[in-house]
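Comments concern the structure below.
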Number of protein chains: 2
Amino acid sequence: MSIQEAPTTPMIDMDALSDLSGFQGTLAQRVYAVLLRAIMTMAAPPGAILRKPELSERLGVSRSPLTEAFARLSADGLVDIVPQSGSRVTYLSLDEIYEASFLRTALEVAAVRHVAAHRDAHQMEALERNLRLLTFQAGEGDLQAFFEVDEAFHALLFQFTGYKRAGTLVRTVSLQLTRARHLILPQEGRVESTLAEHAAIMSAIRAGNAAAAQAAMEAHLDLVAERLAPLAEERPELFRA
Amino acid sequence: MSIQEAPTTPMIDMDALSDLSGFQGTLAQRVYAVLLRAIMTMAAPPGAILRKPELSERLGVSRSPLTEAFARLSADGLVDIVPQSGSRVTYLSLDEIYEASFLRTALEVAAVRHVAAHRDAHQMEALERNLRLLTFQAGEGDLQAFFEVDEAFHALLFQFTGYKRAGTLVRTVSLQLTRARHLILPQEGRVESTLAEHAAIMSAIRAGNAAAAQAAMEAHLDLVAERLAPLAEERPELFRA
DNA sequence: AATTTGTCACTAACATGCTAGTATGTCAAT
DNA sequence: ATTGACATACTAGCATGTTAGTGACAAATT
């Protein structure tokens, strides 16, 4: 394995990672957050080479916090580190996207089953409110707001399991999925189908039917990976050779 | 949060982590592997304070690879790092054990469903062979060998999903579970019930019945967490206050 | 005796210097 | 034009020096 320059090697948009404010924690954590955002938003596209001295100067930190941030990003599967050679943003891979979808579905299914079996009145009210809000935003046509309510629904499910690390874990295993999702435009009919799928999940939760909730959630998440498949043909330069 | 010494603070068994041989990769990875083993086997028991200079001298490395190893162990939930104060092995917690069991079950269930739905002849033969071997070892009474075959069964299921990171992920989320399991003695009838549970899972896989495989796997794994519950009463000094 | 305060030892976090290994460009030989 | 040796300029990994924050403890104060 090696890091090779090429005429077509993509560049990082350095403007996107100018400062560390807006984040908290140690320098290393803030550097990680900044780089993570840059990678997820494609400001640092697949194949881009990450240079410690360059980033060090740009962010105004030494190489130590960068080293720690690189290590975490490598564990997340977002950066390839080649000893004594270099580091670059990982290419996308349909295999990895499907794997991320498999793992995410496993966790989301377990969460929705748990909630369907153990929900209380307070939780139900919060979920119903989310569904009403989603319905409202579908009518408004504000896509950004719609997607935020969509994500909040899934976050609520993990919150209501009572398991603290579960939400963090699902976010980590979904990183490849989330990154690829930044590349596809909203598709025809997606808002309507998402709304219908959430409604199906909710009606299973309302009924306390874990098996039905599982099936509805699986159907919902399978579509996410499916929508990403054409990307490998449309943007081959972003994918692993 | 703070790291406070106390008369009862447990000590690390330094003899258990003398050398780095037997592991490969960078120094940091080998140091991580050595410390992980020490924590999992209770050579570094919950509450033990990890001192970088001490470990640095003992292992013959500088503080850099130790820092990286600490960071990974902290991400695994096995070490608490308190900035500018110190680091100690985390205490056990029934909440975290249940959470680990929840996450592990979510992943194992997804794996066994996948295998039940997509198994091929070659995979079935490997699984049947594992079950025959487990039956044999149950009769032999060699507990260590029995448990290894048990674990191999679960590893095979993840391998047969074809998803490369899944096995690693389940190992990571199960760390708290595995550590606690080192503390309980084999219980009466456990070999027989484990064998019966594996047989139930296998018959569901054979039938290609994903729902039955899921139910059998859930039943199997619920017992693991259940067996650990009494530990909090028997060994309160190992648990979070 | 109880409480505050100052000091000192110790820590993680960070900065920086060093080393060994890798890619790349140059130039000589063919 | 092609190849191959070599010098050069990079890199990650590791060692070590520095800084600022924390806990422990004893002296000072109430």
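These values consider heavy atoms only, across backbone and side chains, with no hydrogens, waters or symmetry-generated copies. We name chains A, B, ... by the order of the sequence lines, and we start the count at 1 in each one.
- Following rounding to the nearest Å, A:Arg51 (CZ) and D:dA9 (P) show an atom-to-atom distance of 16 Å.
- Counting non-hydrogen atoms under 4.0 angstrom, A:Thr26 reaches the backbone sugars and phosphates but no base.
- Of the side-chain N and O atoms in A:Ser62, one or more sit less than 4.0 angstrom from OP1 or OP2 of C:dA15.
- Under the 6.0 Å cut-off for aromatic ring centres, A:His114 and A:Tyr163 qualify, their centroids lying closer than that.
- Rounded to an integer number of Å, the gap from CZ of B:Arg88 to P of C:dT11 is 13 Å.
- Checking B:Gln84 against A:Pro53, the closest nucleotide of DNA chain D that is more toward the 5' end is the one next to A:Pro53.
- In this structure, B:Leu27 places its CG atom 13 Å from P of C:dG21, rounding to the nearest Å.
- Comparing A:Pro65 and B:Ile81 along DNA chain C, the residue whose closest nucleotide (by nearest heavy atom) sits nearer the 5' end is B:Ile81.
- Computed from coordinates, the B:Glu68 CD to C:dC14 P distance equals 15 Å when rounded to whole Å.
- Contact check, A:Lys52 against D:dT11: no side-chain N or O comes under 4.0 Å of OP1 or OP2.
- B:Tyr91 has its ring centre no less than 6.0 Å from the ring centre of B:Phe239.
- Taking atom CZ of residue A:Phe70 and atom P of nucleotide D:dG13, one finds them 10 Å apart after rounding to whole Å.
- Between A:Ser64 and A:Leu50, the residue anchored closer to the 5' end of DNA chain D is A:Leu50, taking for each the nucleotide with the nearest heavy atom.
- Side-chain polar atoms of A:Arg179 and A:Gln176 form a donor-acceptor pair below 3.5 angstrom.
- Residues B:Arg235 and B:Glu237 are paired through a salt bridge, judged by an N-O separation under 4.0 Å between the basic side chain and the carboxylate.
- A donor-acceptor contact closer than 3.5 angstrom is absent between the side chains of A:Arg181 and A:Ser174.
- Taking only side-chain nitrogens and oxygens, B:Arg63 never comes nearer than 4.0 Å to OP1 or OP2 of D:dT16.
- A:Leu66 has its CG atom 9 Å from the P atom of C:dA15, to the nearest Å.
- The phosphate of C:dA12 (OP1 or OP2) has no side-chain N or O of B:Thr67 nearer than 4.0 angstrom.
- Look at CD on A:Glu54: it is 18 Å from P on D:dA9, rounded to the nearest Å.
- Look at CZ on A:Arg30: it is 13 Å from P on C:dA13, rounded to the nearest Å.
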